[in-house]
Chemist: 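Pasting a structure here, questions to come.
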Amino acid sequence: EFGWELFAWHAYVRALSRNFDKTIVICRKNSQYLYEDCAHKFLVCEPSTGLADSFFMHGFDQQKELKNILLRSNISISKDTSLFTPRRIGWPPNTHYSEEFKFGSHVVKPEYLIFKNEEISNKYDFIFHARNRKLRSEDNWSPKRWEELVTMLGGRIACIGTKAESLHIRGTEDLRGLPLNELCGIINLSKCVFGPSSGPMHLASLCNTPHVVWSIPGNKTRYENTWNPHKTPVLFLCDYKWHPKAEYVYEKYADWIKEI
């Protein structure tokens, strides 16, 4: 799941790469931007076995897929090669972003960058991630409430996410499906990002952009502390869990934004 790749994986890969002459990253094509500063080569893997939930994808045979990728790419494993395969590191999301871990002979602390794109100049006042996933569909916010929030906020607003799992809300521009490098530039330049807890909301933290998130109380700590390495301003709303009214979100935001 994208949020877990952001905070329970990619920064460890970056830190580990400092100890090797060459780093080959196997990932989805749209995730390559996360590793561009530390990868010498990419191998694309687009698993489609089932829904991604937390760290792992349902029904995905990691070892079998890894062998197939190495065979297709004519890569042989020697004594000078180290394989770093997906695993739980610590106990995410409770593991703090500053905690060190040992991998073989290497002790590393995850390294997080601020994601932005100097080539992007297209500015939006607000960004929406209107979650529309089949997984836990009861957590999706209603289109009616999104439209109400558009009216209350005003300004230039865009919707982000994948076209398969997010909505384009009436009265906003449709930026769903944007390549990750462009998306990070758009988010970094915006005033604030809104949405229920999701991967794109965690991305807002790494883009150093204020964000308003609503979810269950159990998700609060990851946004405010353990998964917030840049100490990005975040307003976490949990009084009404996944379904606050648009007026409530707007009023809380209006009071909060004056203080940051």
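When reading the values below, keep in mind they use all heavy atoms of this one structure, side chains included, and skip hydrogens, waters and symmetry mates.
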Chemist: Hey, quick one: are Leu43 and Val13 part of the same hydrophobic cluster, counting side-chain heavy atoms closer than 4.5 Å, chains of contacts allowed?
Modeler: no

Chemist: Examine distances only and state if a side-chain atom of Ser78 and a backbone atom of Asp80 form a donor-acceptor pair shorter than 3.5 Å.
Modeler: yes

Chemist: Do Asp125 and Lys191 meet the salt-bridge criterion of a basic N to acidic O distance under 4.0 Å?
Modeler: yes

Chemist: Is any side-chain heavy atom of Val108 less than 4.5 Å from a side-chain heavy atom of Phe103?
Modeler: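 A side-chain contact under 4.5 Å exists here.
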
Chemist: Between Leu66 and Val44, is there shared hydrophobic-cluster membership here, with clusters defined by ILVMFWY side-chain heavy atoms closer than 4.5 Å?
Modeler: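 No; tracing contacts between hydrophobic side chains, which count when under 4.5 Å, never links both residues.
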
Chemist: So, Arg222 side chain and Asn94 main chain: donor-acceptor pair closer than 3.5 Å or not?
Modeler: no

Chemist: Can you find a heavy atom in the side chain of Pro196 that is under 4.5 Å from one in the side chain of Val213?
Modeler: no

Chemist: I need the Asn122 CG to Glu173 CD distance, nearest 0.5 Å.
Modeler: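 Here the rounded value is 7.0 Å.
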
Chemist: To the nearest 0.5 Å, what is the distance between CG (Leu167) and OG (Ser142)?
Modeler: 10.0 Å

Chemist: Do His202 and Trp227 have their ring centres less than 6.0 Å from each other?
Modeler: yes

Chemist: Can you check whether Ile169's main-chain N or O pairs, donor with acceptor, with Thr172's side chain at less than 3.5 Å?
Modeler: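 Yes; at least one donor-acceptor contact below 3.5 Å.
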
Chemist: Got a second to check how far Glu65's CD is from Thr85's OG1, nearest 0.5 Å?
Modeler: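 Spacing of CD (Glu65) from OG1 (Thr85) equals 13.5 Å.
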
Chemist: Could you tell me which non-hydrogen atom of Thr81 sits nearest to which non-hydrogen atom of Ser76, and how far apart they are?
Modeler: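 Scanning both residues, the minimum pair turns out to be OG1-O, 4.3 Å.
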
Chemist: Over 60° means perpendicular and under 30° means parallel, so tell me whether Tyr223 and His211 are parallel, tilted or perpendicular.
Modeler: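 Aromatic pair Tyr223/His211 classed tilted.
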
Chemist: Determine whether more than 12 heavy atoms belonging to other residues, nucleotides or ligands lie under 6.0 Å from atom CG of Asp21.
Modeler: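 Counting neighbours around CG of Asp21, 12 or fewer heavy atoms of other residues, nucleotides or ligands fall under 6.0 Å, so no.
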
Chemist: Quick check, are the ring centers of Tyr112 and Phe7 under 6.0 angstrom apart?
Modeler: yes

Chemist: Trp141 side chain to Trp214 main-chain N or O, any donor-acceptor pair under 3.5 Å?
Modeler: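 Judged by distance alone, no pair lies under 3.5 Å.
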
Chemist: Evaluate the criterion side chain to side chain contact (heavy atoms under 4.5 Å, CB included) for residue pair Ile127 and Cys192; output intermediate values, then yes/no.
Modeler: CA-CA 6 Å; Ile127 302 295; Cys192 190; over 6 Å; no

Chemist: Any chance the rings of His106 and Phe20 have centres within less than 6.0 Å?
Modeler: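 Yes, the ring centres sit under 6.0 Å apart.
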
Chemist: I need the Lys245 NZ to Leu149 CG distance, nearest 0.5 Å.
Modeler: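 Spacing of NZ (Lys245) from CG (Leu149) equals 15.0 Å.
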
Chemist: Does CD belonging to Glu119 count more than 12 external heavy atoms closer than 6.0 Å?
Modeler: no

Chemist: According to the interplanar angle, ranging from 0 to 90°, do the rings of Phe101 and Tyr12 count as parallel (below 30°), tilted (30 to 60°) or perpendicular (above 60°)?
Modeler: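 Rings of Phe101 and Tyr12: perpendicular, over 60°.
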
Chemist: Does any non-hydrogen side-chain atom of Ile186 lie less than 4.5 Å from one of Ser190?
Modeler: no

Chemist: Can Glu165 and Arg131 be counted as an ion pair, charged N to O under 4.0 angstrom?
Modeler: no

Chemist: Can you tell me how far CZ of Arg176 sits from CG of Leu183, rounded to the nearest 0.5 angstrom?
Modeler: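 If I round to the nearest 0.5 Å, the distance is 13.0 Å.
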
Chemist: Can you see which heavy atom on Pro229 is nearest to which on Leu206, and at what distance?
Modeler: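 Scanning both residues, the minimum pair turns out to be CG-CD2, 3.8 Å.
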
Chemist: Test your reading of the model: is there a side-chain donor-acceptor pair from Arg14 to the backbone of Glu111, 3.5 Å cut-off?
Modeler: yes

Chemist: Would you confirm whether Thr209, through its side chain, and Ile187, through its main-chain N or O, come within 3.5 Å as a donor-acceptor pair?
Modeler: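 Yes, Thr209 side chain to Ile187 backbone: donor-acceptor pair under 3.5 Å.
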
Chemist: With a 4.5 Å heavy-atom cut-off, do Val249 and Pro244 have their side chains touching?
Modeler: yes

Chemist: Decide yes or no on side chain to side chain contact (heavy atoms under 4.5 Å, CB included) for Glu182 and Ile120, but give the supporting numbers first.
Modeler: CA-CA 7 Å; Glu182 295 180 35; Ile120 298 295; 4.3 Å; yes

Chemist: If you look at every heavy atom in Glu99 and Thr95, which pair is closest and at what distance?
Modeler: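 Here Glu99 and Thr95 meet closest at OE1-CG2, 3.5 Å.
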
Chemist: Using a cut-off of 6.0 Å, state whether more than 12 heavy atoms not belonging to Glu247 lie near its atom CD.
Modeler: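 Counting neighbours around CD of Glu247, 12 or fewer heavy atoms of other residues, nucleotides or ligands fall under 6.0 Å, so no.
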
Chemist: Go through Tyr124 and Leu189 one step at a time and tell me if the side chain to side chain contact (heavy atoms under 4.5 Å, CB included) criterion holds.
Modeler: CA-CA 7 Å; Tyr124 292 84; Leu189 291 177; over 6 Å; no

Chemist: Please say yes or no: joined through hydrophobic side-chain contacts below 4.5 Å, possibly via intermediate residues, are Leu153 and Trp256 part of one cluster?
Modeler: yes

Chemist: Kindly indicate whether the side chain of Leu178, heavy atoms from C-beta on, has any atom under 4.5 Å from the side chain of Ile160.
Modeler: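 Side chain of Leu178 against side chain of Ile160, heavy atoms only: no contact under 4.5 Å found.
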
Chemist: Please check if the side chain of Ser31 supplies one atom and the backbone of Cys27 the other of a donor-acceptor pair under 3.5 Å.
Modeler: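 Side chain of Ser31 to backbone of Cys27, a donor-acceptor pair under 3.5 Å: no, none is there.
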
Chemist: Can you tell me if Arg28 uses its side chain to pair, donor with acceptor, with the backbone of Cys45 under 3.5 Å?
Modeler: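 No.
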
Chemist: Does the side chain of Thr232 pick up a donor-acceptor pair with the side chain of His230 at under 3.5 Å?
Modeler: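 Side chains of Thr232 and His230: no pair found under 3.5 Å.
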
Chemist: Pick from Phe194, Tyr250, Phe128, Phe126: which one makes a ring-ring contact (aromatic ring centres under 6.0 Å, His included) with Trp146?
Modeler: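 The option that passes is Phe128.
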
Chemist: Among the clusters formed by ILVMFWY side chains lying less than 4.5 Å apart, do Ile75 and Ile69 turn up in the same one?
Modeler: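 Result: yes, single cluster for both.
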
Chemist: Are Tyr35 and Trp9, when compared by the centres of their aromatic rings, separated by less than 6.0 Å?
Modeler: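 Centroid separation for Tyr35 and Trp9: 6.0 Å or greater.
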
Chemist: Taking the side chain as C-beta and beyond, is there a heavy-atom pair between Leu83 and Ile77 under 4.5 Å?
Modeler: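 Yes, side chains in contact.
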
Chemist: Between Leu235 and Leu237, is a side chain to side chain contact (heavy atoms under 4.5 Å, CB included) present by the stated rule, with each step listed?
Modeler: CA-CA 6 Å; Leu235 175 61; Leu237 304 175; 3.8 Å; yes

Chemist: Could you check, using the six-membered ring where one of them is a Trp, whether His10 and Phe115 have ring centers closer than 6.0 angstrom?
Modeler: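 Centroid distance His10-Phe115: below 6.0 Å, so yes.
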
Chemist: Tell me whether the count of non-hydrogen atoms from other residues, nucleotides or ligands lying under 6.0 Å of OH in Tyr248 goes above 12.
Modeler: yes

Chemist: If I compare all heavy atoms of Tyr97 with all of Lys231, which pair ends up nearest, and what's the gap?
Modeler: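 For Tyr97 versus Lys231, the nearest heavy atoms are OH-NZ, 3.0 Å.
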
Chemist: Are Ile89 and Leu34 connected in the hydrophobic side-chain network, where two residues link if heavy atoms are under 4.5 Å apart?
Modeler: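 Hydrophobic grouping puts Ile89 with Leu34.
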
Chemist: Taking side chain as C-beta onward, heavy atoms only, is Thr23 less than 4.5 Å from Phe84?
Modeler: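 No, their side chains stay 4.5 Å or more apart.
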
Chemist: Do you know which of Thr221, Asn225, Asn228 makes side chain to side chain donor-acceptor pair (under 3.5 Å) with His96?
Modeler: Asn225

Chemist: Within the distance-only criterion (no hydrogens, no angle test), does the side chain of Ser205 pair as donor or acceptor with the backbone N or O of Met201 below 3.5 angstrom?
Modeler: no

Chemist: Where do Val150 and Arg170 come nearest, in terms of heavy atoms and distance?
Modeler: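 Of all heavy-atom pairs spanning Val150 and Arg170, the closest is CG2-O, 4.0 Å.
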
Chemist: For a quick test of reading the model, state the closest non-hydrogen atom pair linking His243 to Arg145 and the distance between them.
Modeler: O-NH1, 3.0 Å

Chemist: Can you tell me how far CZ of Phe42 sits from CD of Glu36, rounded to the nearest 0.5 angstrom?
Modeler: 6.0 Å

Chemist: Which ILVMFWY residues can you reach from Val107 by hopping between side chains whose heavy atoms are under 4.5 Å apart?
Modeler: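 So far as hydrophobic clustering goes, Val107 is joined with none.
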
Chemist: Please tell me whether Ser198 and His129 have a donor and an acceptor in their side chains that are separated by less than 3.5 angstrom.
Modeler: yes

Chemist: With side chains defined as the heavy atoms from C-beta onward, is the minimum distance between Asp139 and Ile216 less than 4.5 Å?
Modeler: no

